[in-house]
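The structure appears below as structure tokens.
Below, chains carry the letters A, B, ... as their sequence lines are ordered, and counting in each starts from 1. Keep in mind the model is a prediction, meaning the values are calculated, not measured.
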Amino acid sequence: MSREFDLEHLCQLAHLYLEPEEKARLRPQLEKIVAWVGQLKELPLSESLPELEVERRLALRPDKVEPSFPLKVVLESAPEKDDCFIKVPKVIEEK
Amino acid sequence: MSFPLTKLTLGELCELVRRGEIKASEVIEAYLNNIKEKDPEIRAFITITEDEARKRAKIVDDKEKKGKLAGAPIAIKDNILTKGIRTTCASRILENYIPPYNATVVERLLAEDAIIVGKTNLDEFAMGSSTENSAFFPTRNPYDLNRVPGGSSGGSAAAVAAQEAVASLGSDTGGSIRQPAAFCGLVGLKPTYGRVSRYGLVAFASSLDQIGPLTRSVEDAALLMEVIAGYDPRDSTSVNIPVPPYTEALKMPPNGLKIGYLREEKIKEVAPEIKSAYFNLLSFLDKEGLTLKAVDLKLWDYALPCYYIIAPSEASSNLARYDGVRYGFRYPGENNLKGMYSLTRTTGFGAEVKRRILLGTFALSAGYYEAYYGRARLVRRLLTQEFRQTFESVDVILTPTTPELPFPFGAKADPIVMYLSDYFTVAVNLAGLPAISVPIGLTQEKNLPLGLQIIAPPFEEIRLFRLAFFIEKKVKS
């Protein structure tokens, strides 16, 4: 189990940074949970099982322009802003 | 009035306000006093909306034609958006978030002249069964301050049980309304998936989440459902079928309902007090002439592992939006974008949320997706099919709500042991069914509340209300 559980990689995917002690605590917990949920492998399953109502109901709304929140309201929630823009750290790295 | 206002049920209270016999302002003052007196110990609320509540009460008092919920002090779980009122999800990442709009359920309550008294505590992002995972503080069970109120809607349950609100709204993804209702001696309803709009409910696991009421009586739950249920074009999973008059349905005795029950071996791990209450109730229903039939839900044991793949997978995707860019907390002073994302999320999320995000990321990651998420999706279909077949021979299924009584703080440090608290409730969410937890009295020794769960086929909430009302009458007599 520990071989397939690459916590480093998962943290990268989930944008989480964990201290070594936190990793050391989490790893056995996660491995135990993954082994526990693995009991579903006991069940014989087929793709032909009827779809769930919730799977069928994922309807898209009509592709129609509708009013949304005004920019001023949206910007009020932003942690950092400049004029009418949300500010973020520089995305393009310098060479 | 000599009888304390805070003892009245939602129905009684609103009727008196509508008839002009009491003022909404009097009701609100009585409840705010109770909050001031009790909440420093119970800690049900993250935010108390004292000023807004007083203002609203005045508006309601001045109205000539008052709504169905006139003057009712309602508490709202803090993962349901309230315009201009801080909504935190009990998380550091949303600690100072003030939503620009109301959830549909909140709009519907306000349109009927209900009054919001505050936002209640929960396990962070509704992930937990004890309210101990709140980033701010744990909530205490009003029946025993050394025990948890259940979770994740623990604040919503404790507030109503301690008479700090006449009723509350919670959300239920795997048992988060029903388990705290059982732990705090309340009625708690998880409606059919699609019955109540999720617009403005902060998403945890979108295919499982539903909003529902926590109340002191079955009638109150029916009354609240008449207000909050119904189609909402802003929630694409909300269903466009009429809302039946639930309060009228209570008058129909449950005669003719066929009740499915679990055999003793299926509930051998359940606390003895709950087990005996369960079988006592079954023999009462039998004496009352209702038909009982043992049901054999073979897949029940697989519901929890299935849930703990599906819910964290959806959560890992839903919680990806908390990156410190558009709203919520941002880690200050970081000059690298990816570094800012990671530090914001690492500082902003608590341990259980991180655990579930990582678990979900694993179940959805390349190489494991089919083996975990894909398989869980099929198990969910199988489980739903088993329920459908079971409901061909019974009208409702009666089970305990929880395997145990309210437990002391810190009793469940192992995550899997905590997850097992939802043994009887998660299958209902996976199959999208409605279910109600109804209180059936207190344990003799410790005076702790006991609750049982009734499950019905989709959109058959009426069956739940009829049987729950009948059981409630027997318990109160």
Subject >> Interchain contact, A:Glu19 with chain B, by part (heavy-atom threshold 4.5 Å) >> reply: neither
**OP:** Could you look at A:Glu51 and say if it's the side chain, the backbone, both or neither that has a heavy atom under 4.5 Å from chain B?
**Re:** both
**OP:** Using a cut-off of under 4.5 Å on heavy-atom pairs, state which of A:Leu18, A:Val73, A:Val88, A:Leu26 scores highest against chain B.
**Re:** A:Val88
Subject >> Part of A:Tyr17 lying under 4.5 Å from any heavy atom of chain B >> reply: both
For residues 329-336 of chain B, please give each side-chain donor-acceptor pair under 3.5 Å, one per line with the distance, not counting sequence neighbours.
| unit_1 | atom_1 | unit_2 | atom_2 | d |
| --- | --- | --- | --- | --- |
| B:Arg330 | NE | B:Gly324 | O | 2.7 |
| B:Arg330 | NH1 | A:Glu80 | OE1 | 2.9 |
| B:Arg330 | NH1 | A:Lys87 | O | 2.9 |
| B:Arg330 | NH2 | A:Lys87 | O | 2.6 |
| B:Arg330 | NH2 | B:Gly324 | O | 3.2 |
| B:Glu334 | OE2 | B:Asn336 | N | 3.3 |
| B:Asn336 | OD1 | B:Lys338 | N | 3.0 |
| B:Asn336 | OD1 | B:Gly339 | N | 2.7 |

Original post:
With only heavy atoms counted, which part of B:Arg388 is less than 4.5 Å from chain A, the side chain, the backbone, both or neither?
Top reply: side chain
**OP:** Using heavy atoms and a sub-4.5 Å threshold, report which of residues 306-319 of chain B line up against chain A, by residue number.
**Re:** B:Cys306, B:Tyr308, B:Ile309
Original post:
Do A:Gln39 and B:Asp301 come close enough that some side-chain heavy atom pair is under 4.5 Å?
Top reply: no
Original post:
Is the shortest heavy-atom distance from the side chain of B:Ser365 to the side chain of A:His9 under 4.5 Å?
Top reply: no
Subject >> Minimum side-chain heavy-atom gap B:Leu358-A:Cys11 below 4.5 Å >> reply: yes
Subject >> Side chain / backbone / both / neither for A:Leu43 at chain B, heavy atoms under 4.5 Å >> reply: both
**OP:** Might you work through the side chain to side chain contact (heavy atoms under 4.5 Å, CB included) test for A:Val34 and B:Phe362, ending with a clear yes or no?
**Re:** CA-CA 9 Å; A:Val34 169; B:Phe362 170 76; 3.6 Å; yes
Original post:
Side chain, backbone, both or neither: which part of B:Pro100 has a heavy atom under 4.5 Å from chain A?
Top reply: both
Original post:
So, B:Arg326 side chain and A:Ile86 main chain: donor-acceptor pair closer than 3.5 Å or not?
Top reply: no
Original post:
Would B:Val239 and A:Glu53 satisfy side chain to side chain contact (heavy atoms under 4.5 Å, CB included), going step by step from the backbone distance to the final call?
Top reply: CA-CA 11 Å; B:Val239 173; A:Glu53 185 54 37; 5.8 Å; no
Subject >> Proximity breakdown for B:Asp323 and chain A, heavy-atom pairs closer than 4.5 Å >> reply: neither
